[in-house]
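Remarks on the structure that follows.
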Amino acid sequence: MSTIASAVSRMVTPVVGDTFDVERVRRDFPALLQSIDGKPLVYLDSAATTQKPDAVIEAVERFYREDNANIHRGVHRLSVRATDAYESARRKVARFVGASRPEEIVFVRGATEAINLVAQTFGRTHLGVGDEVLISHMEHHANIVPWQMLCEQTGAQLRVMPINDRGEIIIDEYERLLGPRTKLVSIAHVSNALGTINPVQGMIALAHARGIPVLVDGAQAVPHMKVDVRTLDADFYVFSGHKTFGPTGIGALYGRYELLDQLPPYQGGGDMITSVTFEKTTYAKAPQRFEAGTPHIAGAVGLGAAIDYLEAVGLQGITAYEHELLTYATEALSGLPEVHLVGTARDKAGVLSFTVDGAHPHDVGTILDQQGIAVRAGHHCAQPVMERFGVPATVRASLAFYNTREEIDVLVRGLRGVIEVFR
């Protein structure tokens, strides 16, 4: 057993019988044990970034203390160990998302860079004037702006599939928009602003029936449910490490190998070549072709440790517990007449966006912070969906498997205080 895996196995024993032992899990996350202005921290902002378990923190620290060296180039012992750790993390990611081979995983800074990579490689080689990229009305800016930039560069058009008042994609309209000019569909697996879980497997099947490839933004899905890219039949799938209980500045792009290996490089530099002369450069095969320069090696190691941790806890138990917590939180917030949920899809992940009568979301967030409650207030990098629901912003409480019912109760008490202030 590796040092990291051994550390993980000592830390997590979260399931006792059929009960999820959340208090045992919480002890693995040092940031959760602090107080804010004398009040215990209630961290409800995991959709923005998750807290990190000791196993991840220790893995990153251990790398810098013992194995820090550049990869793929050196023959000395530290370089060999660093390379092994980096490529081991790639294999872990591939296994975690169900890729058929490690070479289908490209390390990037996060989901945002992964989408930009696909836009500037696949997009620029496959789209021309009059072609179309199809996205939904609920997308994060990271799944809007890169396609707008691509359309400006190529003369293509951005098309948007509508959503209903619950925050669900209108599938009939989606199918109607799939046409002969559609060259790519790019869709969130889970909405960061609404919590909607989109039926991506069925949507991919509808697109593939017309020969249209699909990119799935899994930033809000991978940390909370089992994802298998081959079962989904996704062509590209992206996620971020920092939302998956790993470090910031690291993420992954999955791409079918036959697609990746046809694409041109995203950036030029060291380690993405096989040979360089002043007359000609020959590029490496995927995925190395897309990883120019010195990568975030420690970040990849930390992401690998986060995957070890999640697998030790168990995705099935995580999903079930978070669903139970979401149900409890939804019922609790629905019991406050002045609080209005935005996004009530029948299939949801642990995101509760809401407004409070008479109060600006930023004021709500500030008052809750004074009670030690961390929520997000704003447009959540999803301004079009805010416009769709006629609000400038919402308060967003987002859940993870380290949250508790008691924390939801604290949130409800805090909101009652907010309501009194603005009554």
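Every value quoted in this text rests on a predicted model; they were computed, and no experiment measured them.
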### Task
Dump the intermediate steps for side-chain contact (heavy atoms from CB on, under 4.5 Å) on Leu333 and Leu415, then the final yes or no.
CA-CA 9 Å; Leu333 294 187; Leu415 287 173; 3.5 Å; yes

### Task
Could you note down all residue pairs passing side chain to side chain donor-acceptor pair (under 3.5 Å) where residues 374-384 supplies at least one of them, sequence neighbours left out?
Asp45-Arg376, His380-Thr394

### Query
With side chains defined as the heavy atoms from C-beta onward, is the minimum distance between His208 and Asp233 less than 4.5 Å?
yes

#### Entry: Heavy-atom check, side chain of Tyr174 versus side chain of Ser136, under 4.5 Å
no

Just by modelled atom types, is the [Y] backbone N or O under 3.5 Å from a matching donor or acceptor in the [X] side chain?
X	Y	value
Lys243	Ala47	yes
Arg289	Leu263	yes
Gln267	Glu291	no

## Note on the structure
side-chain contact (heavy atoms from CB on, under 4.5 Å) filter on Asp84, not counting sequence neighbours, yields Val80

### Message
Using the ring pair (Phe, Tyr, Trp, His ring centres under 6.0 Å) definition, which of the options Tyr254, Phe122, Tyr257 pairs with Phe236?
### Response
Phe122

Quick check on [X]: does its [atom1] atom have over 12 non-hydrogen neighbours (other residues, nucleotides or ligands) under 6.0 Å away?
X	atom1	value
Arg109	CZ	no
Arg423	CZ	yes
Glu173	CD	yes

### Message
Looking at every heavy atom in both Ser334 and Thr330, which two are closest together, and how far apart are they?
### Response
OG-O, 2.7 Å

### Query
Can you check salt bridge (charged side-chain N to carboxylate O under 4.0 Å, His left out) on Glu168 and Arg346, steps first, answer last?
CA-CA 8 Å; Glu168 301 163 325; Arg346 284 158 288 196; 2.8 Å; yes

### Message
Under the criterion ring pair (Phe, Tyr, Trp, His ring centres under 6.0 Å), I'd like the reasoning laid out for Phe29 against Tyr309: C-alpha separation, chi angles, the key distance, then a yes or no.
### Response
CA-CA 12 Å; Phe29 291 83; Tyr309 183 87; 5.7 Å; yes

### Message
If we count only N and O atoms by modelled type, under 3.5 Å, do the side chains of Tyr86 and His72 hold a donor and an acceptor together?
### Response
no

#### Entry: Asp165: salt bridge (charged side-chain N to carboxylate O under 4.0 Å, His left out) partners, not counting sequence neighbours
Arg388

